Structures are given as structure tokens and as C-alpha cells.
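For clarity, every value in this text was computed on a predicted model and none was experimentally measured.
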Amino acid sequence: MGANEAGATAGAARPAQQGTRSTGLRRTLGAYVALTKPRVIELLLVTTLPTMILAANGLPSLWLVLATLVGGAAAAGAANVLNCYLDRDIDQVMNRTKRRPLVTGEISPRAALIFGLALTVGSLTWLALLVNVPSALLTGGAIVIYVVGYTMILKRRTPQNIVWGGAAGCMPVLIGWSSVTGGVSWAAALLFGVIFFWTPPHYWPLSMKFRKDYAAAGVPMLPVVAAEAKVAREMIAYTVAMIACSLLLVPVAGMTWVYAVVATVLGVWFLASCIGLYRRAQDPSRGKLRAMSVFHGSITYLSLLSIAVAVDVFLPF
């Protein structure tokens, strides 16, 4: 082979190697992002911004919003990474989670632990320096509830795991409120209550869908250890409490009749979906359980209610 040919071959190899390295880097970054469970983070942030608008009775400063959302997203990601690290043994058993990076080997357990701890320290420092200390403390509490309370203590021991462990998912409203006011209030507590009571009827339909997965992994989600009709009855009870909290916000936070109407319509709609699930669980002749339609409906409910909270502040009534 001549010098020119050898040079051409080497030149062609270099872009190929660079392309391979670039692809590998993207895959690795994508795996780290996947560990943070970005879709879960999106739902948490949906409740934070409307809470900040309500607390400020208008639009907070753009810088405060960005600082709070970035810090909150990083903290939620940190909790999710640590959850993946601790649950990697059951994730490899469940079909729903067997493609997570710690199961496939794309990320090592040690690397995931370091990443989760670094995100934890970084997010809490960010919030303490750029938002305020109360918000950082509340965020730290949320991480502890999710990682220690839910993942390490409750998840594998009790069917009520998601009820109490789910309190971590309620914390963004308190964090959002404290970022604006430096503290919490009864209005923030009611928003916390809405999400607290929303969590079981949101998560249990997903557990119904993947009941066999949870059973194989030894995780006693309520749908694994109780009849579907019993689970649906409890979902109805939690939904009624959720609606009550959403409507109590009207006198406590001074919401308008527009919010009251929207909250009522959304609440009745979601309650009807839970009742429909209960009827189908009681009588299979009514058709398939359609648990996932209730799961997706719960996301729609919370998203639209959050929008109603934010929009209501700007209504001239």
C-alpha cells in the first residue's frame, strides 16, 4: 500500500472512531439521564410552578422560578437515582424495569451511587444558596422520605408503602411555596393534601397492571395482596378526600368560582373513573379492568388542576 493510500485509510478511520466515541458518550449520558426518571420529574414540576404563582399572588421573578425548578429537578433526580441503586435487585426481576441502566450494566452500581449522592449535595447546596434555606431543608426531607422511608423501609414491607412513602411526591408544593414566602401556610398544606390523597389512586392502577411483576419481586403493593374490588374501594375513598382538599382551597386561598367549578368538574370526572374501575372489578362481565386508563386519567386530573390553580390567580374576579 502506498503512502497516499495509507494516509487515506487512516483518515477514514479517525472519523469512524470519533463517531463511535460520540455515540458511546451519548449512550452513557442518556443512561445517566434515564436513572433520574425524567418523566416522574416532569410531573413533580407541574405542581411546583402553579404553587409558586399562588404563593406570590402573581408571577414570581423569573430567576426565582428557574432556580427553584432547576434545584427541585436535580433533587428529584437524585432521589430517583438512589432509588434505582437500592432497587436494582428487584428491577432486574420486573419486566417494567429490566431495561434500566443498572440492570443492563450500562451504569455500574458504584457510579450510580456516586452520581446520586453528588446530585443530592449539589441540589441542596443550589437551593440553599440561590433560593433559601427553608426550601433546601424541605427538599432534603423529601429525599429522605423517598429514599429511606419509602425505598429502604416501606416498599418491601407493607401494602401501605405508596401511601406514606408517596408523601415525598407531595413535597414540591411545600418547596414551591417556601421558595416564595420563606415558609408554609394552610393553603400549601391543602395542596400537599391534594397530592397526598391523589397518590394512591394514581399509583395503584399501575400496580394492578403490573401485579405479577411486583409479586415476582416480592413487593407487597396493595393490588398484589388484596382483591381488585378492595383496592378500588380504597381508591374511591382517597379520591373523595382529594376532592375535599381541592375545594377547601377556595376559602383558604381565596380562589375564585372559576377554580371551584373546574376543581369540582375534574374531581367528579376522576371519581367517576375510579367508580367505573370498582364496578368492573366487582363484575368482570362489564369488560376489562382498564386500570391504565385510570392511571393516565390521574395524570390528566393533576395537570389540569395545577393549571387551574395558576390561571385563577390572574382572573379579575
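- Shown here are the side-chain hydrogen bond (donor to acceptor under 3.5 Å, both in side chains) partners of Arg211, two or more places apart in sequence or in another chain: Glu228.
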Please report, to 0.1 Å, the donor-acceptor pairs under 3.5 Å made by any side chain of residues 188-202, with sequence neighbours excluded.
residue, atom, partner, partner atom, Å
Trp198, NE1, Ser298, O, 2.9
Thr199, OG1, Ile195, O, 2.7
His202, ND1, Ser298, OG, 2.7

In a table with atom names and distances, give each donor-acceptor pair under 3.5 Å that connects a side chain of residues 157-167 to protein atoms at least two apart or in another chain.
residue, atom, partner, partner atom, Å
Arg157, NH1, Met152, O, 2.9
Arg157, NH1, Ile153, O, 3.0
Thr158, OG1, Gln160, N, 3.1
Asn161, ND2, Lys155, O, 3.0
Asn161, ND2, Thr158, O, 3.2

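- The heavy-atom pair separating Ala260 from Val250 by the smallest distance is CB-CG2, 3.8 Å.
- A salt bridge does not link Asp91 with Arg99: every distance from a Lys NZ or Arg NE/NH1/NH2 to an Asp or Glu carboxylate oxygen is 4.0 Å or more.
- Applying the ring-ring contact (aromatic ring centres under 6.0 Å, His included) test to every pair with at least one member in residues 264-294, sequence neighbours left out, gives these pairs: Phe270-Tyr301.
- Residues meeting the side-chain hydrogen bond (donor to acceptor under 3.5 Å, both in side chains) test with Lys209, sequence neighbours left out: none.
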Under 3.5 Å donor-acceptor pairs involving side-chain atoms of residues 234-248, not counting sequence neighbours:
residue, atom, partner, partner atom, Å
Glu234, OE2, Lys230, NZ, 3.2
Thr239, OG1, Met235, O, 2.8
Ser246, OG, Ile243, O, 2.6

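- Taking Tyr146 as the reference, Tyr150 meet the ring-ring contact (aromatic ring centres under 6.0 Å, His included) condition, with sequence neighbours excluded.
- When the ring-ring contact (aromatic ring centres under 6.0 Å, His included) test is applied to Trp186, no partner is found at least two apart in sequence or on another chain.
- Listed for the Arg280 side chain is a donor-acceptor partner under 3.5 Å among the backbone atoms of Lys288.
- No hydrogens or angles considered: nothing links the side chains of Thr36 and Asn80 as a donor-acceptor pair under 3.5 Å.
- Checked by atom type, the side-chain pair Thr47/Ser306 shows no donor-acceptor distance below 3.5 Å.
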**Report entry** Check against side chain to side chain donor-acceptor pair (under 3.5 Å), Thr256 and Asp312
**Finding:** CA-CA 7 Å; Thr256 72; Asp312 194 78; 2.3 Å; yes
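- Listed by first and then second residue, the ring-ring contact (aromatic ring centres under 6.0 Å, His included) pairs that reach into residues 67-120 are Tyr32-Phe115, sequence neighbours excluded.
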Which donor-acceptor pairs under 3.5 Å do side chains of residues 217-227 form with protein atoms, sequence neighbours excluded?
none

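- Tyr203 is linked by a ring-ring contact (aromatic ring centres under 6.0 Å, His included) to nothing, counting only residues two or more places apart in sequence or in another chain.
- Among pairs with a residue in residues 59-80, none fulfils ring-ring contact (aromatic ring centres under 6.0 Å, His included), at least two apart in sequence or across chains.
- For Asp213 (side chain) and Asn95 (main-chain N/O), a donor-acceptor pair under 3.5 Å exists by modelled atom type.
- Val173 places none of its side-chain heavy atoms less than 4.5 Å from the side chain of Thr48.
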